Structures are given as C-alpha cells and as structure tokens.
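Quick caveat, the model's predicted, so the values are computed rather than measured. All residue numbers in this chain count up from 1 along the given sequence.
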Amino acid sequence: MTRSMRNGTRIVLAAAALVALAAPLAALPLARGDNAGASTAAAPSFAKDVAPVVAEKCAGCHRPGGIAPFSLITARQISSSSAAIAAAVQANIMPPWPPGRRSPEYVGQSTRILSAQQRRSILAWARAGGKIDGPARKPTAQKGLEVRQGETLLDLKMQATYMPTAATGITDDYRCFLLDPKLAGDSFVTSARIVPGQPKIVHHVILFKVGAAQLADAKRLDGGDAGPGWSCFGGTGLPAGDGAGIADSLNNANWVAAWAPGWGGNRLPEGTGVTLPAGSKIVMQVHYNLLNGRAPDRSRALLTVAPASAKLTPLQTVLMPGPVELACAKSEQGKLCDRNEALFDLARKYGTSAAFTPAGLLILCRGSAANPAASAVSRCDRRITTPTTIYIAAGHMHLLGASIKLELNPGTPQAKVLLDIPRWDFHWQNAYTLANPIKAEAGDIVRVTCRHDVRKRQHGGHGVPKTPRYILWGEGTTDEMCLGILQVTRG
C-alpha cells in the first residue's frame with residue numbers, strides 16, 4: 001500500500017472532548033522529558049517554534065475543505081485551539097501515527113511524528129497561554145509527482161462526478177470506478193498519487209488492476225448500477241481472473257496502489273514496480289466518509305509508468321487473511337448471536353459463497369473447520385516458499401478491530417516485527433514502507449495476529465453497529481476481517 005496520514009475527524013473530536021472535560025490546561029501533566037527546563041526557560045516563540053510545526057504537520061488536514069473539522073491556518077485559529085492542540089500532543093494522538101514502538105522504522109516516519117523538541121515547544125507554549133508573537137506559516141506545499149526519464153505520467157479521471165450516498169444510519173459509502181490507462185504495451189507502475197475531488201469526505205482509495213479475464217465482469221458491474229461506477233466494499237466485487245487459484249490470489253493479489261488522507265505520492269521501492277499488462281484496466285475504489293457531509297466528487301489517480309524495457313523487479317502483493325470467530329459478549333443476546341444464524345445472514349447479504357469463507361479460512365489457518373472456537377484473537381501463519389524481500393507492510397480490520405501485528409518467524413531467535421498497531425482505528429488505515437527491507441528465506445513463517453473487541457459495539461458511535469451478533473469474516477461493516485498485507489519481491 002502506501003503513505004503518511006493527516007488528522008482524522010474522530011481523533012480530533014476526541015481531543016477536543018478531552019480538553020472540554022479535563023482540568024484547566026495548566027493542570028495537565030507532562031510526560032517525562034516534555035517539561036525539561038520549562039520552569040526556567042522563557043516560553044517558546046509562536047512564530048519561530050510553533051507556527052512552522054503546525055504548518056508542516058497539522059495544516060495539511062486542518063484547513064478549509066480538509067478532513068479535519070476545524071482549521072489551523074491563521075495565528076488566531078492556532079492560538080484559540082492551543083488547549084486542544086496540547087491535549088492531543090500530550091496524549092500522542094496528534095499527529096496520528098498508528099504503528100507502535102515495536103514496529104521497525106518506516107520511510108517518511110520522521111515527517112509524520114513530532115520530535116521530542118517539537119513536543120516540548122508546543123506543550124510549553126500552550127501552558128504559557130498560547131500567545132502570538134508573529135504570523136502563522138503557510139501550509140507546507142505538496143511536492144509534485146516525480147516523473148523520471150523514460151516514464152510516462154497517466155492522469156486517470158472518473159468518467160463523471162459521483163454523489164456519495166448511503167442508507168439511513170450508515171456513514172460510509174464504498175464506490176468502484178473503472179479507469180482506462182490505455183496502455184499499448186506492458187508497463188510497470190512506479191508511483192501513484194490520488195487527487196481527491198472532495199478531500200473532506202474522501203477517506204481512502206485503493207487501485208486494483210483488472211486483467212482481460214475480468215474485463216467483461218467489470219463492464220457489467222459498471223453498467224448495472226445507477227450512476228457512475230458500482231457499490232463495493234472490501235474489494236472490487238470481481239472474481240479472480242486469468243485462472244488464478246486461491247493460493248495465487250493470496251500470494252500475488254491484483255493490488256496496484258492505495259492512498260489515505262495525508263499520504264503523498266511516494267514512489268515504490270527503487271528498482272521495483274507493479275506490472276500492468278497491455279490492455280489492462282484499473283478499478284479505483286473510493287471510500288467516502290459521510291460523517292463530514294455529502295458533496296459531488298470526481299477524484300482522479302496520477303500514475304507514473306515505465307515501459308517493460310525498464311526491466312524492473314515486479315512488486316507483488318501478498319494477502320494474509322485470518323479467520324474471525326467473534327462471539328457476542330456475555331451481556332448480549334439476540335438471534336444472530338448463534339453462529340449458524342450469522343452464517344445464514346452472510347449468505348442472505350452476500351450470496352451463498354460468502355458463507356463458505358469462514359470455513360475456508362479456518363482450514364487455511366488452523367487446518368480444520370470441524371469445531372470452530374470463538375475467540376477475540378485471530379491468527380494465521382503463512383510459510384514462505386521462495387526467497388522473498390519484504391518492502392511494505394499493512395493491516396486491515398473493520399470497526400471492532402483492537403490491534404494487529406505482522407511478524408516474521410515469531411517465537412524464534414530470528415523473530416522480527418514487520419508492523420505493530422496496538423490501537424487499531426478503522427478510520428486510520430495505511431501501509432508502511434520499511435526503511436530497511438527484510439529478507440525472508442524459504443521455510444520462514446509470516447504471521448498475522450488480530451485482536452477484536454465486541455465492547456466497541458456497546459459504545460456505538462462512528463458507524464459501529466450496536467446489534468448483537470456472532471461476527472464472522474465478511475465484507476460489511478457489521479462483519480469483520482483480519483488481513484495482513486505485504487508487498488514483496490521474489491527471488
């Protein structure tokens with residue numbers, strides 16, 4: 001996948017609530033090291049110490065039309081929000097950076113998180129009253145997409161504007177749009193940047209490649225829904241093409257690129273590219289977050305592509321699904337708390353094939369589906385069959401997700417953490433490029449471990465369904481997933 005992310009509505013509102021309910025700012029405790037020298041040194045300068053940080057790491061989202069619910073563009077706006085800023089920084093929820101301390105270093109990480117000095121400056125300035133001694137800085141401008149010698153820039157636009165919509169009580173709309181790169185020859189995608197038409201409501205975008213065997217189905221779906229594109233969640237809704245079996249679909253998925261708010265257009269690792277055969281089409285899945293309203297959108301994708309003659313190493317996407325068997329809490333009751341009823345419900349919503357997925361995942365990961373045991377923890381191991389270099393790691397769950405971890409050779413002296421997100425948030429999804437790619441040999445084990453929490457259902461809010469039910473793997477927000485994602489090269 002991809003990227004560095006901007007501030008999210010739920011986290012920002014949580015920070016504001018924290019400030020509103022907490023003691024006065026002066027009483028907020030500081031983490032060890034955050035208050036070093038604060039009692040003797042003068043308050044940091046807004047213009048010199050605070051404004052540059054806000055411009056670089058906050059204003060990209062906190063701007064008119066941005067995903068954040070309020071702006072931090074002018075000095076007055078920043079000063080009046082000093083308590084909320086300090087509370088969010090103190091709680092380590094802003095700027096958002098989901099990977100925990102056990103995670104390895106990732107490309108671009110330093111641009112996403114605050115340094116110790118930046119934290120101290122912001123907290124000390126806010127505690128001193130958030131005073132202004134100069135103007136704010138203009139938000140850091142996004143760099144243009146780099147087009148290297150021999151590459152071509154493709155600008156792929158939705159055919160028409162789309163007005164996001166959803167049923168009453170649902171706050172998310174997933175829509176797929178068919179795009180035509182019009183490539184006469186085989187190519188490699190070397191970088192991608194999505195330009196959302198409505199940044200305030202476009203929450204994330206995933207690009208999938210569509211081969212010749214899938215094209216007829218894609219056109220059928222595209223023409224079957226009213227308006228541009230078709231409704232989709234979790235994927236494109238297209239069957240596996242080109243005769244791909246389950247193993248092939250998992251070990252070399254049809255993913256091209258992804259984007260989330262705040263993530264730029266990072267290039268793929270040097271010397272690699274995602275293959276895009278001549279005549280291929282691309283499906284752009286857009287997730288609209290309707291908590292921020294509705295507006296007509298016409299997003300587009302910018303791709304740099306190199307010809308096959310560039311002889312890049314193909315970058316492949318590995319999907320690592322784990323079974324989800326999440327029982328109702330002891331205090332919950334309802335018809336759908338019965339596993340069989342939940343299976344019937346999956347078949348009703350998504351077709352009979354959906355009801356076989358839970359059993360297939362149990363067989364894949366546990367070796368048997370005879371006696372499924374409910375558990376808040378889901379785990380699956382995948383054995384590496386050929387020398388592999390791991391460049392990018394990501395994870396995916398839904399609204400009841402609590403944490404996710406990807407590991408190489410867990411429980412051995414050679415164990416390495418690829419990604420650890422200790423506090424999962426469905427509204428902050430990303431993929432992370434390892435600063436130092438990790439080599440795996442044939443016989444090595446890659447593991448994904450997910451933890452879910454049905455208590456989130458009791459709290460409700462932000463789209464979490466409250467109806468008690470036994471949760472299984474499924475495409476809907478009332479279902480769940482446990483999915484590790486790696487981008488690798490082979491050999």
Applying side chain to side chain donor-acceptor pair (under 3.5 Å), can you list everything that pairs with [X], at least two apart in sequence or on another chain?
X: E146; value: R148
X: D453; value: R455
X: Y470; value: E325

According to side chain to side chain contact (heavy atoms under 4.5 Å, CB included), who are the partners of [X], at least two apart in sequence or on a separate chain?
X: S378; value: P323, C450, C482
X: T489; value: T272, T313, L315, T389, Y391
X: I384; value: T388, A440, D444, V446
X: L483; value: L319, P321, H396, W473, I485

Side-chain heavy atoms of [X] within contact of [Y], under 4.5 Å:
X: W424; Y: L399; value: no
X: D420; Y: I404; value: no
X: V286; Y: V202; value: yes
X: I282; Y: D180; value: no
X: I390; Y: P437; value: no
X: L154; Y: L183; value: yes
X: L268; Y: T190; value: no
X: L145; Y: L153; value: yes

Hey, is D173 close enough to R294 for a salt bridge, meaning N to O under 4.0 Å?
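No.
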In plain terms, say whether R469 and E341 are close enough for a salt bridge, that is, a side-chain N and a carboxylate O under 4.0 Å apart.
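Between E341 and R469 there is no salt bridge, as every charged N stays at least 4.0 Å from the carboxylate O atoms.
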Using a 3.5 Å distance criterion without hydrogens, assess whether the side chain of [X] forms a donor-acceptor pair with backbone atoms of [Y].
X: R298; Y: M158; answer: yes
X: T161; Y: P296; answer: no
X: S299; Y: G197; answer: yes
X: R63; Y: G60; answer: yes
X: K416; Y: I438; answer: no
X: E105; Y: N436; answer: no
X: S71; Y: I73; answer: no
X: W255; Y: A257; answer: yes
X: H62; Y: F70; answer: yes
X: E480; Y: L400; answer: yes

Let me confirm one number: the [atom1]-[atom2] distance from [X] to [Y], rounded to the nearest 0.5 Å.
X: I392; Y: T433; atom1: CD1; atom2: OG1; answer: 4.0 Å
X: D338; Y: F344; atom1: CG; atom2: CZ; answer: 8.5 Å
X: M320; Y: N251; atom1: CE; atom2: CG; answer: 10.0 Å
X: N252; Y: T317; atom1: CG; atom2: OG1; answer: 7.5 Å
X: L326; Y: D479; atom1: CG; atom2: CG; answer: 11.5 Å
X: S103; Y: L418; atom1: OG; atom2: CG; answer: 9.5 Å

Strictly by salt bridge (charged side-chain N to carboxylate O under 4.0 Å, His left out), give each pair with a member in [range] just once, sequence neighbours left out.
range: residues 370-389; value: D381-R447
range: residues 387-410; value: none
range: residues 208-224; value: D217-R220
range: residues 307-322; value: none

When you look at CD of Q159, are more than 12 heavy atoms from neighbouring residues, nucleotides or ligands closer to it than 6.0 Å?
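No - once you tally the heavy atoms of other residues, nucleotides and ligands closer than 6.0 Å, there are 12 at most.
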With sequence neighbours left out, write down each residue that passes ring-ring contact (aromatic ring centres under 6.0 Å, His included) with F188, or none if nothing qualifies.
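Partners of F188 by the ring-ring contact (aromatic ring centres under 6.0 Å, His included) criterion come out as none, since no residue qualifies.
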Decide yes or no on side chain to side chain contact (heavy atoms under 4.5 Å, CB included) for R300 and D155, but give the supporting numbers first.
CA-CA 7 Å; R300 73 185 203 269; D155 188 347; 2.9 Å; yes
Audit row: I471, R457, side chain to side chain contact (heavy atoms under 4.5 Å, CB included) steps and yes/no
CA-CA 11 Å; I471 300 293; R457 190 159 56 204; 3.8 Å; yes
Report yes or no: do Q285 and R175 form a side-chain donor-acceptor pair below 3.5 Å?
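Q285 vs R175: no donor-acceptor pair found between side chains.
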Going by the angle between their ring planes, with limits at 30° and 60°, are Y162 and F177 parallel, tilted or perpendicular?
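Rings of Y162 and F177: perpendicular, over 60°.
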Y174 and H287 aromatic ring geometry - parallel, tilted or perpendicular at 30°/60° bounds:
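It falls in the parallel class, under 30°.
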Step by step, would you call L406 with T449 a side chain to side chain contact (heavy atoms under 4.5 Å, CB included)?
CA-CA 7 Å; L406 277 70; T449 302; over 6 Å; no
Working for side chain to side chain contact (heavy atoms under 4.5 Å, CB included), residues L221 and D225:
CA-CA 7 Å; L221 289 172; D225 258 24; over 6 Å; no
